[in-house]
Amino acid sequence: MAQSPKKVIWWIRRDMRLIDNPVLTNDIDRPLLVCPVFVIDPTLIGKYSAHNIRLEFMFNSLRSLNADIENEGGRINIHYGNPHEIIPVIYSEFGASEVRAQYDPSQVSRIRDTKIGKLVPLKLTSGLSVVGASDVRSQSDKAYKIFTPFYKSWWNKAIYNSSKLPKINGEIQFTNFGDPSILNKFLSNSNKQFPASEIEAQTRLNSFLSLTKSPTLGMVKYKSNKDRLDKIGTSQLSPYLRFGLISPRLVVNKAFDVLTRNPEFTSEVSTWISELAWRDFYIAKASNMHEFEDVNFTEYFPWRLDFEQYQSWCFGKTGYPIIDAIMRQLRIEGWISNRARMLAASFLTKQLLIDWRWGANWFMQHLIDGDSFANDGGWKWIAGVGAGAAPFFRIFNPIVQAKKYDPNGEYVRRWVPELSGLPSPYVHEPWLLTNGQRLDNKMNGYPLPIVDLHEARDRALTTYKKLRATT
DNA sequence: TCTCTTGTTGGCTGG
DNA sequence: CCCAGCCAACAAGAG
Ligand SMILES: Cc1cc2nc3c(=O)[nH]c(=O)nc-3n(C[C@H](O)[C@H](O)[C@H](O)COP(=O)(O)OP(=O)(O)OC[C@H]3O[C@@H](n4cnc5c(N)ncnc54)[C@H](O)[C@@H]3O)c2cc1C
């Protein structure tokens, strides 16, 4: 009587969720028996230290997902090794009809998937972005290189895609073989700031979008708060989106919903939605890499190979309080706001003229949401690399920016304890104090600026100008 | 194919 | 005090 289920493998990657996961679509009239598999690939995790905050978040997410699947009577099959060896074995042992995975356009994934696709029927599904790269094309069917036209074309498709929610789904069962205890070998410190679970991601989204009376934070105040360093004016959903604990199209769907019902917040909500569009934009850029000629700028640029200054930047000892606060927050919390990322990146690439790839690499080591699409995209944009990037003369002044986005110096005092005793005008410019005052404030250990801002600005302008002339 | 408009996030200067 | 003009060009994309 009971219909035999269709057996599929769910190769879990950046889609660690049960809610709105296209991989789990069942549109046939018999049950789907899903065998969830996660492969810990040493070549991927080996790039990072054992205490890496993002890996920790990933393993915690996996534990949480496993608990959710156990509630449904199943269990994740966790393996350690090379996916192209492991996946085919499980595939044939389980007798699956296909292996499903979320499409990931990064270079590593594409190479890996091509290889595995030759060994098993690999069905790659959408879900990483709101709108797939191949669905946002210019009139002449080319990939967009700049954001604004991409965004215009993206908008309607995003409304359409996200309106297809929720999907009516057929019955799904999970297999319960395999031994998840291997997870115990990996990092498990709990991160209080970013608890790794689907439910946490949903809670964050809802509270960010909620329309409480006289709110001081959240979507309703997004535009005025998003750049403030002394507040958390954004959703902090980035790590959850990074590992797919929440579906981007569901996020956008809820945001569109708020938009439709509350036209008075149109400007705030659409600004926030545009950030999700940036996320899609950078993913699409990676998907369409083959359509972009290589930009030689990065290779030819006379980046300064100043390892000492690079280290000062990394460890928050540049002598510019706002930059140092940012770099210390990054290393301790693994999350910094978009404004903070821009300031840090601009300082490294413009003021210090150090290769953006050094900075991007450091970010990837320390960001809990570190993601090659957005990270490379952000760094290139700031460094002025590629079409649509910031013009070369757009150089942030850390003092001006600090006064604007950390007006009372609270952010600096929180992250740079050497300066915690300084009153407002000095907290952003401690070099204005006399030696005696520096001693009195017990801030002797705090360094003097490693570059002169005006000289550095002139140097950046001439260097960028010169390269333009020679390429 | 040609033409026209435009491009996330800034800072400094001189009137 | 404010703010227009400038720091350069150029490629992307619409029509
Ligand atoms: C130099 C640099 C490096 C960056 N590196 C990363 C990275 O490694 N991983 C990452 O997720 N984002 C990165 N960003 C983009 C952005 O800074 C973060 O996504 C954002 O600060 C995350 O905070 P939030 O979730 O509170 O954002 P919100 O403002 O609440 O935005 C919601 C979501 O939209 C997406 N988003 C927002 N801004 C951007 C953007 N500029 N580009 C792409 N997606 C965006 C994120 O997924 C974010 O979670 C980088 C930006 C710069 C300038």
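No hydrogens, no waters, no symmetry mates; every other heavy atom, side chains included, goes into these values. Sequence lines set the chain letters: A, B, ... in the order given, protein chains first and strands last, and positions in each chain run from 1.
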Enumerate, atom names and distances included, each donor-acceptor pair closer than 3.5 Å involving a side-chain atom of residues 391-403 of chain A, sequence neighbours excluded.
{"residue": "Asn397(A)", "atom": "OD1", "partner": "Ile399(A)", "partner atom": "N", "Å": "2.9"}
{"residue": "Asn397(A)", "atom": "OD1", "partner": "Val400(A)", "partner atom": "N", "Å": "3.3"}
{"residue": "Gln401(A)", "atom": "OE1", "partner": "Arg339(A)", "partner atom": "NH1", "Å": "2.9"}
{"residue": "Lys403(A)", "atom": "NZ", "partner": "Glu429(A)", "partner atom": "OE1", "Å": "2.9"}

Item to check | Proximity of Trp335(A) and Phe57(A) rings by center, below 6.0 Å | outcome: no

Checklist entry - What integer distance in Å separates Phe392(A):CZ from dC10(C):P? => result 12 Å

Item to check | Whole-Å gap separating C1' (dT9(B)) and CD1 (Ile382(A)) | outcome: 8 Å

Next on the checklist: Using side chain to side chain contact (heavy atoms under 4.5 Å, CB included), reason through Tyr222(A) and Phe265(A) one step at a time and then give a plain yes or no.
Outcome noted: CA-CA 10 Å; Tyr222(A) 185 66; Phe265(A) 298 130; over 6 Å; no

Item to check | Heavy-atom check, side chain of Trp11(A) versus side chain of Phe38(A), under 4.5 Å | outcome: no

Item to check | Separation of dA12(C) C1' from Phe281(A) CZ (nearest whole Å) | outcome: 11 Å

Item to check | Phe315(A) six-ring centre to Arg331(A) NZ/CZ under 6.0 Å and within 45° of normal | outcome: no

Protein-nucleotides 11-15 of chain B N/O pairs closer than 3.5 Å?
{"residue": "dG11(B)", "atom": "OP1", "partner": "Asn397(A)", "partner atom": "N", "Å": "3.1"}
{"residue": "dG11(B)", "atom": "OP1", "partner": "Gln401(A)", "partner atom": "NE2", "Å": "3.1"}
{"residue": "dG11(B)", "atom": "OP2", "partner": "Gln401(A)", "partner atom": "NE2", "Å": "3.4"}
{"residue": "dC12(B)", "atom": "OP1", "partner": "Asn397(A)", "partner atom": "ND2", "Å": "3.1"}

Next on the checklist: Would you measure the distance from the C1' atom in dT6(B) across to the matching atom in dA8(C) and give it in whole Å?
Outcome noted: 15 Å

Next on the checklist: Rounded to whole Å, how long is the line connecting atom CZ of Phe297(A) with atom P of dA11(C)?
Outcome noted: 14 Å

Next on the checklist: Would you measure the distance from the C1' atom in dT5(B) across to the matching atom in dA9(C) and give it in whole Å?
Outcome noted: 15 Å

Next on the checklist: So, using salt bridge (charged side-chain N to carboxylate O under 4.0 Å, His left out) as the criterion, who are the partners of Arg110(A) when residues are at least two apart?
Outcome noted: none

Next on the checklist: Could you check whether any side-chain heavy atom of Lys226(A) comes within less than 4.5 Å of a side-chain heavy atom of Trp272(A), counting everything from C-beta outward?
Outcome noted: no

Checklist entry - Under the 3.5 angstrom rule, does the side chain of Asp280(A) hit a backbone N or O of Val131(A) as a donor-acceptor pair? => result yes

Checklist outcome for this item: Dot-bracket for DNA chain B, 5' to 3', Watson-Crick and G-U pairs with both distances under 3.5 Å, [ ] for crossing pairs, | for partner on another strand, reads .||||||..||||||

Checklist entry - How long is the line joining CH2 of Trp272(A) and C1' of dT9(B), in whole Å? => result 19 Å

Checklist entry - When the C1' atoms of dG13(C) and dT1(B) are considered, how many whole Å apart are they? => result 14 Å

Item to check | Closest nucleotide among dA8(C), dA12(C), dT9(B) to the Pro391(A) side chain | outcome: dA8(C)

Checklist entry - OP1 or OP2 of dC7(C) sitting under 4.0 Å from any side-chain N/O of Lys465(A)? => result no

Checklist entry - For the atom pair OG1 (Thr148(A)) and CH2 (Trp154(A)), what is the distance rounded to the nearest 0.5 Å? => result 13.5 Å

Next on the checklist: Rounding to an integer number of Å, can you tell me how far Tyr464(A) OH sits from dA9(C) P?
Outcome noted: 18 Å

Item to check | Separation of the P atoms in dC10(C) and dC12(B), to the nearest angstrom | outcome: 26 Å

Item to check | Lys/Arg cation over aromatic Phe150(A): Lys145(A), 6.0 Å, 45° cone | outcome: no

Next on the checklist: Just to be sure I understand the rule, does Tyr144(A) reach a base, reach only the sugar-phosphate, or reach nothing, if contact means heavy atoms closer than 4.0 Å?
Outcome noted: sugar-phosphate

Pick out the pairs of N or O atoms, protein on one side and nucleotides 5-8 of chain B on the other, that lie under 3.5 Å.
{"residue": "dT8(B)", "atom": "OP2", "partner": "Thr148(A)", "partner atom": "N", "Å": "3.4"}
{"residue": "dT8(B)", "atom": "OP2", "partner": "Thr148(A)", "partner atom": "OG1", "Å": "2.1"}
{"residue": "dT8(B)", "atom": "O4", "partner": "Glu275(A)", "partner atom": "OE1", "Å": "2.8"}
{"residue": "dT8(B)", "atom": "O4", "partner": "Trp278(A)", "partner atom": "NE1", "Å": "3.1"}

Could you give the side-chain donor-acceptor pairs of residues 39-47 of chain A under 3.5 Å, partners two or more places apart or in another chain?
{"residue": "Asp41(A)", "atom": "OD1", "partner": "Thr43(A)", "partner atom": "N", "Å": "2.9"}
{"residue": "Asp41(A)", "atom": "OD1", "partner": "Thr43(A)", "partner atom": "OG1", "Å": "2.7"}
{"residue": "Asp41(A)", "atom": "OD2", "partner": "Thr43(A)", "partner atom": "OG1", "Å": "3.3"}

Item to check | Cation over ring face, Arg413(A) and Trp415(A), 6.0 Å, 45° | outcome: no

